[in-house]
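The structure appears below as C-alpha cells.
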Amino acid sequence: MPEDLNWAIGGEAGDGIDSTGKIFAQALSRAGRHVFTSKDFASRIRGGYTAYKIRTSVDELNSVVDRLDILVALTQRTIDENLDELHEDSVVIYDGERSWDAEVPDEQIELDVPLKSLAEDAGGAIMQNVVALGAACEVAGFPIEHLDSALEKRFGDKGQKLVDNNQEAARKGRDYVRENYDHDFGYDLDTTDEDYVLLNGDEAIGMGALVAGCRFYAGYPITPATNVMEYLTGRIDRYGGTVVQAEDELSAINMALGAARAGARSMTATSGPGIDLMTETFGLIATSETPLVIADVMRSGPSTGMPTKQEQGDLNMTLYGGHGEIPRFVLAPTTIAECFHKTIEAFNLAEKYQTPVYVVSDLAMAVTEQTFSPTEFDMDAVEIDRGKVVDEENIDQYLDEQGRFQPHYDAADGVSPRAFPGTEQGAHMTTGLEHDELGRRTEDTDERVQQVDKRNRKVETAQREEDWSPREFGNAEAENLVLSWGSNEGAIREAMQDLEVDVRFISVPYMFPRPDLTEAVENAEKTVVVECNATGQFADLVERDTLTRVERINKYNGVRFNADELRERITETFAAESEAKA
Amino acid sequence: MSSQAHFTDFKSDKRPTWCPGCGDFGTMNGMMKALANTGNTPDDTFICAGIGCSGKIGTYMHSYALHGVHGRALPVGTGVKLANPELEVMVAGGDGDGYSIGAGHFIHAVRRNVDMTYVVMDNRIYGLTKGQFSPTSREDFETSTSPEGTKQSPVHPLALAMAAGGTFIAQSFSSDAMRHTEIIEQAIEHDGFALVNTYSPCVTFNDVDTYDYFRDSLVDLDEEDHDPTDYDQARRKIMDFDNIYQGVLYRDDDSVGYEKRLGIEEPMNEIPDGAPEGAMDLVREFY
Ligand SMILES: Cc1ncc(C[n+]2csc(CCOP(=O)(O)OP(=O)(O)O)c2C)c(N)n1
Ligand code: SF4
C-alpha cells in the first residue's frame with residue numbers, strides 16, 4: 001500500500017459535499033496526519049457535479065496526485081468523473097437503495113451501503129454523508145474516535161443531541177461495513193501526537209491581515225476571494241476594525257483607500273474581474289502615495305472566464321495594470337502558509353513605502369486546505385513597521401517656511417513623511433493629479449519630473465533595503481534549473497522527490513521587485529519555467545531579465561499542476577536537452 | 001483639537017482657477033463658514049472631492065483632503081469616516097460626478113447612512129469637459145453632445161435620495177450665501193448621510209440654468225411653513241418636479257450614523273507593535 005491515502009466524496013452541489021469533506025479532513029488532521037485537500041466544483045449553487053478530495057499521510061504533503069483509493073459516490077456522475085483516478089483496489093462506497101443504478105466498473109471494490117436508511121435510523125436522512133464517513137473509517141482502518149472529535153467541533157455549537165446523532169450515524173456506517181463485508185482493505189492509518197492546523201489560502205491571507213493590524217476591509221464577493229472577507233467578518237471587530245461589503249469593486253477599493261488615508265491598515269481582496277474594475281483607483285493610490293494592500297486571488301480569465309478554475313493569468317495585469325507608470329510591489333505567496341507571511345509583509349511594505357501592494361494568490365491555494373504545524377505561524381516573529389509617521393511632537397521638521405506640511409516631500413530615499421488626519425498642523429491634501437511637494441496640482445515640468453523620480457526612488461530604496469530572495473530547493477549545483485512562481489511550489493517539490501534528473505528549483509515569491517536570476521540561469525545548462533497559464537508570463541519576464549531563452553511548462557485547462565504530471569514533464573524537458581546534445 | 005477656527009482658516013493659499021462668476025465660489029464659501037460655525041478645524045476635517053470643476057474645491061480649501069478619481073468620492077469618504085469617526089467628513093463633487101458616473105455609489109451611500117455631508121454642485125452641465133449635457137440637464141437642453149436636446153428626462157437627485165431611504169435631504173443655491181451656509185450647517189450636524197444639492201451655476205457653458213433662473217424659480221421652504229420631519233409632507237415636496245425648493249426638505253431626527261451602528265468608537269490608526277495579544281487563538285481555531 002502506498003504511503004498516502006486518497007479519499008474523495010462527490011455528488012451534486014448542495015449535497016453537503018464540502019462540509020462532509022471538511023469534517024473528514026479535520027478528523028485526519030486532529031489525528032496528527034497531514035492533509036492536503038482539493039475541490040472540483042462548478043460555478044453553480046445547486047446541481048452540477050462537485051467533489052472534495054483529501055490526500056493524507058503521516059508525512060508532509062504539498063500536492064495532489066491522480067489516484068483515488070476510497071471514493072464516496074453520491075451520484076453516478078461522481079464515479080464517471082473519477083474513472084481515470086480509480087485503480088483496481090479502489091473502494092467505491094455508494095448507496096444502492098437510492099434511485100440511481102450504480103455502475104461500478106468490475107475492477108473496483110463495490111461497497112453498497114444503505115447510507116440513507118442508516119442515517120434515518122440514527123435520526124435523520126440528512127446525516128447520510130456522515131454514515132459514509134463512518135464506512136470510510138472502517139475501510140481506511142482509521143479509529144472512529146477521531147471522527148467523533150471532528151463532529152463535535154462541527155456540531156458542538158448546535159447542541160449535544162446533534163453531535164450524538166451524528167456520532168451514532170458514523171457508527172452505523174462503520175458497523176455496516178464491518179458486518180457485511182468480510183474483506184481486508186489493507187489500510188491501517190497511523191495516527192500521531194502532532195497537533196496540526198488545517199486552513200486554506202484565503203483564511204491564511206485573512207489571518208495574516210488581522211495579525212498585521214489590518215482594521216479596515218472593504219470588498220465585493222467574488223470567487224475565489226470571498227473567503228477572505230468571510231474570514232475577517234466577525235473577527236476584525238474584536239480588534240476594533242470593520243468589514244464593509246461594498247456595492248462593487250470600484251467602491252471597495254475607494255473605501256479601502258479612504259480608510260488607509262485616515263491612518264488605518266486597510267485592504268481589499270478580489271479576483272481578476274474585480275482587479276479590472278479597481279485599476280483606475282490603483283493609479284490614484286500610487287500617485288497619492290497611500291499604503292494599501294490588494295489581494296488578487298486569481299482564477300481562469302479573461303473576462304468571467306472559468307470562475308471556479310485555476311489559472312495564474314493575472315501576472316502581467318498586476319505588474320503593468322493601469323495607465324501611466326505606477327510604482328508598486330507585487331508579492332506572490334508560494335504556499336498556503338506563505339499567504340499568511342506575505343500578507344503581513346505586504347502591510348509593512350505598503351506603509352514603509354506608501355505604495356499599493358498586490359498579494360497575488362490563486363484558486364488552487366484559496367480552496368485547498370492544508371495541514372501545518374502551528375509553529376509555522378509564529379506570532380512572536382511578527383514585526384510591524386508603519387514607516388515615517390509624524391505626530392504633533394515632530395511635525396515641525398516637516399513643515400515648509402510657511403508652516404505647511406509636505407506630504408510629498410522630495411526625500412532622498414523617495415519616502416516622504418505621513419501625517420494621519422487629525423494631527424495638528426498636518427492638514428494637507430493628496431490627489432491623483434500630478435502635484436507638488438504640498439500635494440497641490442501642478443503641470444510644472446520640473447515638479448512633474450521631481451515627483452515621478454521620487455516615487456520611482458521608493459522602488460530603488462526597497463530593492464536595496466528589503467530581502468527579495470527566492471526560495472531554493474534541490475541541488476544548488478545541478479545543471480537543470482526549474483523556476484516557478486506562486487502556488488506551483490508544492491507540486492514541484494513533490495515531483496522532485498523521485499525525479500530521475502538532478503534539478504535545482506527556485507520558487508519565486510516576489511514578482512516586483514524580483515530577485516535577480518541572471519546568475520542562476522547562466523549557471524544552468526537549461527532552465528524551465530513552470531506556470532499555470534498559456535503564454536508563460538513569468539517565463540517572458542525571466543527571458544527579459546536574464547537575456548536568455550528558457551523552456552516552458554504551461555498548463556491552462558483550469559486544473560492545477562499535480563506532482564505526477566510535473567515529474568513527467570520536467571523529466572521530458574531535460575531529457576530532450578540531453579538527446580539533442582547526444 | 002485646536003481652539004475655535006475662523007472660516008478663513010479653511011482657505012488654502014492656492015487661487016481658484018474657476019471662471020469669474022462661477023457658482024462654485026459661493027458654494028465653497030458657504031462650506032468653509034459652515035465648518036467653522038459648527039466648531040470644526042482644518043486638522044479635524046476631511047474633504048473628499050470628485051473630478052470636475054466642482055471637484056477642485058478640495059484644492060482651494062485647507063484641511064485634510066483627498067481629490068480622487070471621477071465619481072468615487074463617496075466611497076472614499078465612507079472609508080475615511082469609518083476608519084476615523086472623529087473626523088468631520090465632507091464630500092463634494094458635481095452633478096456628473098455624483099449622479100452619472102458615481103450614481104451607483106450615491107444610492108448606496110444614502111442607504112448606508114455614514115455620517116458625512118455630501119455637497120453636489122449642480123450646474124446641470126459638464127463644466128470641466130467644456131459643455132456636454134449632464135444627468136440633471138433638461139430634456140430639451142442643447143449642448144455639443146445634444147444638438148437637438150438630450151431626449152432623456154433628467155435625474156431628480158432629491159427623489160432618488162428619498163427612494164433610497166435618505167435621512168437628510170436638502171437643496172441650496174450658492175449665491176444665497178446665508179441660506180446656503182445655514183443649510184450646510186444643519187447637514188453637518190445631522191447624524192447620518194446628508195445630501196445638499198446645491199445649485200451652483202456655470203456661467204461659461206450653461207445659459208439656461210443661470211443665476212437669474214434659479215433666483216426667480218427657487219421657492220424657499222422657510223416661507224412655506226414646511227416641516228422637514230414630516231415624511232409625507234417631505235415626500236410631496238420632493239416629488240413635486242414642477243417646483244424647485246431651497247431648504248431642508250427631509251430630516252429624520254432619529255437617524256444614527258452607520259459607523260455608530262457598526263460600533264466603531266475609536267480611530268483605527270493605532271495598532272500594536274507586533275501581533276495582537278492572544279494572536280495564537282486565531283491559529284488555534286484551525287485545530
Ligand atoms: C473615468 C473618467 N471619465 C471621464 C473623465 C472626464 N471628466 C472629467 S470631469 C467630467 C464631468 C464633470 O461634470 P460635473 O461632475 O457635472 O462637474 P463640473 O465640471 O460641471 O463641476 C468628466 C466627464 C474623467 N476624468 N474620468
Ligand atoms: S466652466 Fe463652468 S463650472 Fe467650470 S469653472 Fe467655469 S463657470 Fe465654473
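Proteins get letters first, then strands, A, B, ... in listed order; numbering begins at 1 in each.
Of all residues in residues 97-106 of chain B, those placing a non-hydrogen atom less than 4.5 angstrom from a non-hydrogen atom of chain A are B/G104, B/H105.
By the 4.0 Å N-to-carboxylate-O rule, B/E285 lies close enough to A/R238 to be salt-bridged with it.
Atom CG in B/N269 sits 12.5 Å away from atom OG in A/S266 (nearest 0.5 Å). Rounding to the nearest 0.5 angstrom, the gap separating the CD atom in A/E369 from the CZ atom in B/F286 is 9.5 Å.
Across all non-hydrogen atoms, the minimal contact from A/R440 to B/S12 is NH2-CB, 4.0 Å. For the pair B/G79 and A/F216, the tightest heavy-atom approach, listed with the atom from each and the gap, is CA-CZ, 4.1 Å. A/L284 approaches B/G68 most closely through the heavy-atom pair CD2-CA, 3.6 Å. The two residues B/Y64 and A/G422 make their nearest non-hydrogen contact at CE1-N, 3.3 Å.
The environment of NZ in A/K153 is crowded: more than 12 heavy-atom neighbours from other residues, nucleotides or ligands sit within 6.0 Å. Shown here is A/Q402, whose CD atom has more than 12 heavy atoms of other residues, nucleotides or ligands within 6.0 Å.
Contacts between A/D248 and chain B at a heavy-atom distance below 4.5 Å involve the side chain alone, from C-beta outward. At a 4.5 Å heavy-atom cutoff, the contact between A/L250 and chain B is made by backbone and side-chain atoms alike. Looking at B/L282, both its backbone and its side chain come within 4.5 Å of chain A, counting heavy atoms on both sides. With a 4.5 angstrom heavy-atom cutoff, B/Y287 touches chain A via backbone and side-chain atoms both. Contacts of A/L433 with chain B are made by side-chain atoms alone, with heavy-atom separations under 4.5 Å and no backbone atom involved. Looking at A/S29, neither its backbone nor its side chain comes within 4.5 Å of chain B, counting heavy atoms on both sides. Proximity to chain B (any heavy atom under 4.5 Å) is restricted, for A/Y239, to the side chain, taken from C-beta onward. Of the atoms belonging to A/R30, it is side-chain heavy atoms, and not backbone ones, that fall under 4.5 Å from chain B. Within the 4.5 angstrom heavy-atom criterion, only side-chain atoms of A/Y231, from C-beta onward, approach chain B. For A/L199, the parts lying under 4.5 angstrom from a heavy atom of chain B are both the backbone and the side chain. Neither the backbone nor the side chain of B/K81 comes within contact range of chain A; no heavy atoms are under 4.5 Å apart.
Across B/P75, B/A83, B/A279, B/G274, the residue that shares the most heavy-atom pairs under 4.5 angstrom with chain A is B/P75. Ranked by heavy-atom pairs under 4.5 Å with chain A, the first of B/N84, B/I264, B/L66 is B/L66. The greatest number of non-hydrogen atom pairs below 4.5 Å with chain B, out of A/R265, A/R215, A/R404, is found for A/R215. Taking A/E392, A/R235, A/R441 one by one and counting their heavy-atom pairs under 4.5 Å with chain B, the maximum is reached by A/R235.
Of the possible donor and acceptor atoms, none in the side chain of B/R112 sits under 3.5 Å from a partner among the backbone N and O of A/A246.
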> Do A/T423 and B/D43 pass the side chain to side chain contact (heavy atoms under 4.5 Å, CB included) test, and can you show the C-alpha distance, the side-chain angles, and the key distance before you say yes or no?
Replying inline: CA-CA 6 Å; A/T423 309; B/D43 290 334; over 6 Å; no
>> One pair to check against side chain to side chain contact (heavy atoms under 4.5 Å, CB included): A/T242 and B/M268. What are the steps and the verdict?
In response: CA-CA 9 Å; A/T242 200; B/M268 297 176 185; 4.0 Å; yes
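For B/R111, the side chain to side chain donor-acceptor pair (under 3.5 Å) test picks out B/H108, with sequence neighbours left out.
Side-chain contact between B/T78 and A/V244: absent, with no pair of heavy atoms (C-beta onward) separated by less than 4.5 Å. Between A/T430 and B/H67 there is no side-chain heavy-atom pair separated by less than 4.5 Å. Side-chain contact between A/M429 and B/H62 is absent, with no heavy-atom pair separated by less than 4.5 Å. For the pair B/T59/A/T431, no side-chain contact is recorded, criterion being any heavy-atom separation below 4.5 Å from C-beta on.
A salt bridge (Lys or Arg N to Asp or Glu O under 4.0 Å) check over residues 264-275 of chain B, counting only residues at least two apart or in different chains, returns nothing.
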Between side-chain atoms of residues 374-383 of chain A and protein atoms elsewhere (two or more places apart, or another chain), which donor-acceptor pairs fall under 3.5 Å?
| residue | atom | partner | partner atom | Å |
| --- | --- | --- | --- | --- |
| A/T375 | OG1 | A/S373 | OG | 2.6 |
| A/D378 | OD1 | A/D380 | N | 3.0 |

